[in-house]
Peer 1: 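I have a structure here, written as structure tokens, and I will follow up with some questions on it.
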Amino acid sequence: MLLKLWITVLSVTVVGATFPFFNPITERLVDYKDAQNTVQQGFLAYPTFATPLKKRPAVIVFHAFTGRTEFDNGKARDLAKLGYVAFAADTYGKGKAASDVPGNFAIMGQLLGNRTTILRNRILSSWNYVKSLPFVDTNRIGSIGFCFGGLCTLDLARFNVGLKAAVSFHGTLTDYPGNGTSIDASVQAHHGDEDPHTTNADADAFLVEMRRRNGDWGFTRYAHALHAFTLPGVENWGIPGAAFNPIASNRSWTAMEAFLAEKLL
């Protein structure tokens with residue numbers, strides 16, 4: 001299997017002097033399967049020094065309606081450079097993502113229509129794959145997600161399988177069927193205040209859910225931010241009410257870094 005090695009130069013300061021050191025990153029594509037033997041293909045990136053004797057915390061990245069793209073792979077690399085084992089998951093299935101927006105919306109719609117069966121299985125297969133890695137500390141796994149992936153990361157938190165932290169970026173906030181009464185993972189959600197797809201009424205309902213579940217959660221709204229505010233160029237994809245917002249994108253990612261460090265490092 002082809003491996004790629006990325007070298008990141010960092011620095012450390014000791015008594016006023018700065019010394020560079022290397023933080024090598026290993027990455028590869030991996031195939032895995034859900035309970036129905038559907039082949040999924042994810043992207044794994046992790047610090048090369050991670051070993052069974054030096055287990056690292058992990059973060060699962062759930063993609064937007066696009067399916068897993070280079071955007072998600074890049075987020076996994078960014079997380080690996082922070083010291084996490086990062087896995088950009090695939091909930092659509094290997095090679096199933098469409099080449100256009102309507103096609104991907106159709107795939108997403110099918111999965112949302114089977115949220116408690118097919119989608120649940122594919123979320124859990126991603127969780128199980130990461131847990132199976134010998135260099136992952138299974139007591140320190142978090143997840144993040146964008147748009148549709150925000151729903152996936154929140155659902156994984158709602159499953160109460162041992163996830164420690166979940167972060168949703170402009171995610172679908174609809175409660176999981178069954179109206180559970182608890183949530184073990186700590187939750188951080190980032191919402192665009194002018195999002196016409198996941199509205200402020202949806203956001204308010206989500207807060208009611210979080211209070212009902214009596215968990216550890218935080219929720220931030222971003223002024224002037226529409227849907228998909230972390231996705232560069234999304235305003236050119238023909239989706240009304242969606243636009244990249246660099247201020248909201250940068251602020252939310254910075255908040256996520258601090259949150260994951262608190263919960264996982």
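Here the structure is a predicted model, which is why all the values come from computation and not from measurement. Excluded from the calculations below are hydrogen atoms, water molecules and symmetry mates; all remaining heavy atoms, backbone and side chain alike, are included.
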Peer 1: What distance do Ser186 atom OG and Phe259 atom CZ have between them, rounded to the nearest 0.5 Å?
Peer 2: 5.0 Å
Peer 1: Starting from the C-alpha separation in whole Å, work towards a yes-or-no answer on ring-ring contact (aromatic ring centres under 6.0 Å, His included) for His191 and Tyr222.
Peer 2: CA-CA 6 Å; His191 173 69; Tyr222 294 89; 9.1 Å; no
Peer 1: Is the side chain of Thr172 donor-acceptor paired with the backbone N or O of Thr174 at a distance under 3.5 Å, no angle test?
Peer 2: no
Peer 1: State whether Asp216 and Lys263 are salt-bridged, where the test is any N-O pair (Lys NZ or Arg NE/NH1/NH2 against Asp/Glu carboxylate O) under 4.0 Å.
Peer 2: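 Yes, this pair counts.
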Peer 1: Would you say that Phe43 contacts Val61 through its side chain, given a criterion of any heavy-atom pair below 4.5 Å between the two side chains?
Peer 2: no
Peer 1: So among Arg213, Arg212, Arg211, which one has a side chain to side chain donor-acceptor pair (under 3.5 Å) with Glu209?
Peer 2: Arg213
Peer 1: Can you find a pair of side-chain heavy atoms, one from Asn73 and one from Thr69, that are under 4.5 Å apart?
Peer 2: no
Peer 1: Taking the six-membered ring for Trp, are Phe229 and Phe146 closer than 6.0 Å centroid to centroid?
Peer 2: no
Peer 1: So do the side chains of Glu257 and Leu82 get within less than 4.5 Å of each other, counting heavy atoms only?
Peer 2: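 Glu257 reaches Leu82 side chain to side chain.
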Peer 1: Any donor and acceptor pair, going by atom type alone, linking the side chain of Thr153 with main-chain N or O of Ser143 inside 3.5 Å?
Peer 2: yes
Peer 1: As an exercise, state the distance from CD of Glu262 to CD of Gln188, rounded to the nearest 0.5 Å.
Peer 2: 9.5 Å
Peer 1: Which word best sums up how the rings of Tyr32 and Phe87 line up, parallel for under 30°, tilted for 30 to 60°, or perpendicular for over 60°?
Peer 2: perpendicular
Peer 1: Would a line drawn from the ring center of Phe159 to the ring center of Tyr176 be shorter than 6.0 Å?
Peer 2: yes
Peer 1: Can a side-chain donor-acceptor contact be found between Thr198 and His227 if the only test is distance below 3.5 angstrom?
Peer 2: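 Note: His227 and Thr198 side chains miss the donor-acceptor criterion.
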Peer 1: Do Trp217 and Ile183 have side chains that approach each other closer than 4.5 Å (heavy atoms only, starting at C-beta)?
Peer 2: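 When only atoms from C-beta onward are counted, Ile183 and Trp217 do not touch, as no gap falls below 4.5 Å.
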Peer 1: Aromatic contact between His63 and Tyr92, with the criterion being ring centroids under 6.0 Å apart: yes or no?
Peer 2: yes
Peer 1: Counting N and O atoms only, with roles assigned by atom type, does the side chain of Ser132 sit under 3.5 Å from a partner on the main chain of Tyr129, one being a donor and the other an acceptor?
Peer 2: yes
Peer 1: How long is the straight-line distance from CD1 of Ile144 back to CG of Leu156, given to the nearest 0.5 Å?
Peer 2: 12.5 Å
Peer 1: Quick test of your reading of the model: are Arg68 and Asp90 salt-bridged, counting only N-O distances below 4.0 Å?
Peer 2: no
Peer 1: Quick check: does any side chain N or O of Thr38 sit under 3.5 Å from a backbone N or O of Asp34, one acting as donor and the other as acceptor?
Peer 2: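 Here the side-chain-to-backbone pair does not exist.
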Peer 1: Does atom NZ of Lys55 have more than 12 heavy-atom neighbours from other groups under 6.0 Å away?
Peer 2: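 Atom NZ in Lys55 is crowded, with more than 12 foreign heavy atoms closer than 6.0 Å.
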Peer 1: Rounded to the nearest 0.5 Å, how far apart are CG of Leu163 and CZ of Arg158?
Peer 2: 12.5 Å
Peer 1: Taking atom types as modelled, is there a side-chain donor on Thr91 or Gln40 under 3.5 Å from an acceptor on the other?
Peer 2: no
Peer 1: Please examine the side chains of Tyr46 and Val136, heavy atoms only from C-beta on, and report whether any two atoms are closer than 4.5 Å.
Peer 2: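 A side-chain contact under 4.5 Å is absent here.
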Peer 1: Assess, by modelled atom type and distance only, whether the side chains of Ser249 and Thr230 contain a donor and an acceptor separated by less than 3.5 Å.
Peer 2: no
Peer 1: I'd like to know if Val167 and Val130 are part of one continuous hydrophobic network [Ile/Leu/Val/Met/Phe/Trp/Tyr, side-chain heavy atoms within less than 4.5 Å].
Peer 2: yes
Peer 1: Assigning hydrophobic clusters by single linkage (Ile, Leu, Val, Met, Phe, Trp, Tyr; side-chain heavy-atom cutoff under 4.5 Å), is Val101 placed with Val234?
Peer 2: yes
Peer 1: Would you call Glu70 and Lys75 a salt bridge, taking side-chain N to carboxylate O under 4.0 Å as the test?
Peer 2: no
Peer 1: Do other residues, nucleotides or ligands put more than 12 heavy atoms under 6.0 Å from Arg115 CZ?
Peer 2: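 Count over threshold, so yes.
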Peer 1: Rounded at 0.5 Å granularity, tell me how far OH in Tyr84 sits from CG in Asp137.
Peer 2: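 That separation rounds to 12.5 Å.
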Peer 1: Spell out, yes or no, whether Phe169 and Phe65 are grouped together once hydrophobic residues are joined by side-chain heavy atoms under 4.5 Å, including indirect joins.
Peer 2: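 Yes, because Phe169 and Phe65 connect within a single hydrophobic cluster, where side-chain heavy atoms sit under 4.5 Å apart.
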Peer 1: So, applying salt bridge (charged side-chain N to carboxylate O under 4.0 Å, His left out) with Arg221, which one of Asp204, Asp195, Asp202 is it?
Peer 2: Asp204
Peer 1: Does Ile247 share a hydrophobic cluster with Leu226, counting links as ILVMFWY side-chain heavy atoms below 4.5 Å and allowing steps through other members?
Peer 2: no
Peer 1: Count the heavy atoms belonging to other residues, nucleotides or ligands that lie under 6.0 Å from CD of Gln110, then report whether that count exceeds 12.
Peer 2: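 Open: at most 12 neighbouring heavy atoms sit under 6.0 Å from CD of Gln110.
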Peer 1: Check Thr117, Ile123, Leu151, Ile118 against Leu111 for a side-chain contact (heavy atoms from CB on, under 4.5 Å) and give me the one that passes.
Peer 2: Ile118
Peer 1: May I ask you to check whether Thr48 and Thr26 show a side-chain donor-acceptor distance below 3.5 Å?
Peer 2: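 The answer is yes; a qualifying pair exists.
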Peer 1: Start with the C-alpha gap between Asp175 and Phe206, add the side-chain angles, then the distance that decides, and say whether side-chain contact (heavy atoms from CB on, under 4.5 Å) holds.
Peer 2: CA-CA 7 Å; Asp175 197 358; Phe206 174 73; over 6 Å; no
Peer 1: In terms of side-chain heavy atoms, does Asn128 have a donor or acceptor partner in Ser125 at a distance below 3.5 Å?
Peer 2: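 Side-chain D/A pair, Asn128 to Ser125: absent.
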Peer 1: Do Pro57 and Leu265 come close enough that some side-chain heavy atom pair is under 4.5 Å?
Peer 2: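 Pro57 vs Leu265: side chains touch.
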Peer 1: Would Leu124 and Val39 show up in the same hydrophobic cluster when neighbours are defined by side-chain heavy atoms closer than 4.5 Å?
Peer 2: no
Peer 1: Assess the side chains of Ser182 and Asn160: does a donor N or O sit below 3.5 Å from an acceptor N or O?
Peer 2: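 There is such a pair between these side chains.
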Peer 1: Tell me, with the steps shown, if Phe135 and Lys54 meet side-chain contact (heavy atoms from CB on, under 4.5 Å).
Peer 2: CA-CA 7 Å; Phe135 44 81; Lys54 294 182 179 179; over 6 Å; no
Peer 1: Please find the pair of heavy atoms, one from Leu173 and one from Ser168, that lie closest to each other, and give the distance.
Peer 2: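 Nearest heavy atoms, Leu173 then Ser168: CD2-OG, 4.4 Å.
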Peer 1: List the atom of Ala76, the atom of Ala86, and the distance in Å for their closest heavy-atom pair.
Peer 2: O-CB, 3.2 Å
Peer 1: Could you grab the distance from atom CG of Leu79 to atom CD1 of Ile60, nearest 0.5 Å is fine?
Peer 2: 11.5 Å
Peer 1: Go through it in stages, so that I can follow the logic: the residues are Asn121 and Gln36, the test is side-chain contact (heavy atoms from CB on, under 4.5 Å), and I'd like the CA-CA distance, side-chain angles, deciding distance and then a yes or no.
Peer 2: CA-CA 8 Å; Asn121 286 335; Gln36 281 70 48; 2.8 Å; yes
Peer 1: Indicate yes or no: does Asp31 engage Lys94 in a salt bridge with an N to O separation below 4.0 Å.
Peer 2: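 Yes, this pair counts.
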Peer 1: Just so I know, are the side chains of Ile25 and Lys81 near enough to count as touching, which here means a heavy-atom distance under 4.5 Å?
Peer 2: yes
Peer 1: Test side-chain contact (heavy atoms from CB on, under 4.5 Å) on Val85 and Val59; report intermediate values, then the result.
Peer 2: CA-CA 6 Å; Val85 176; Val59 180; over 6 Å; no
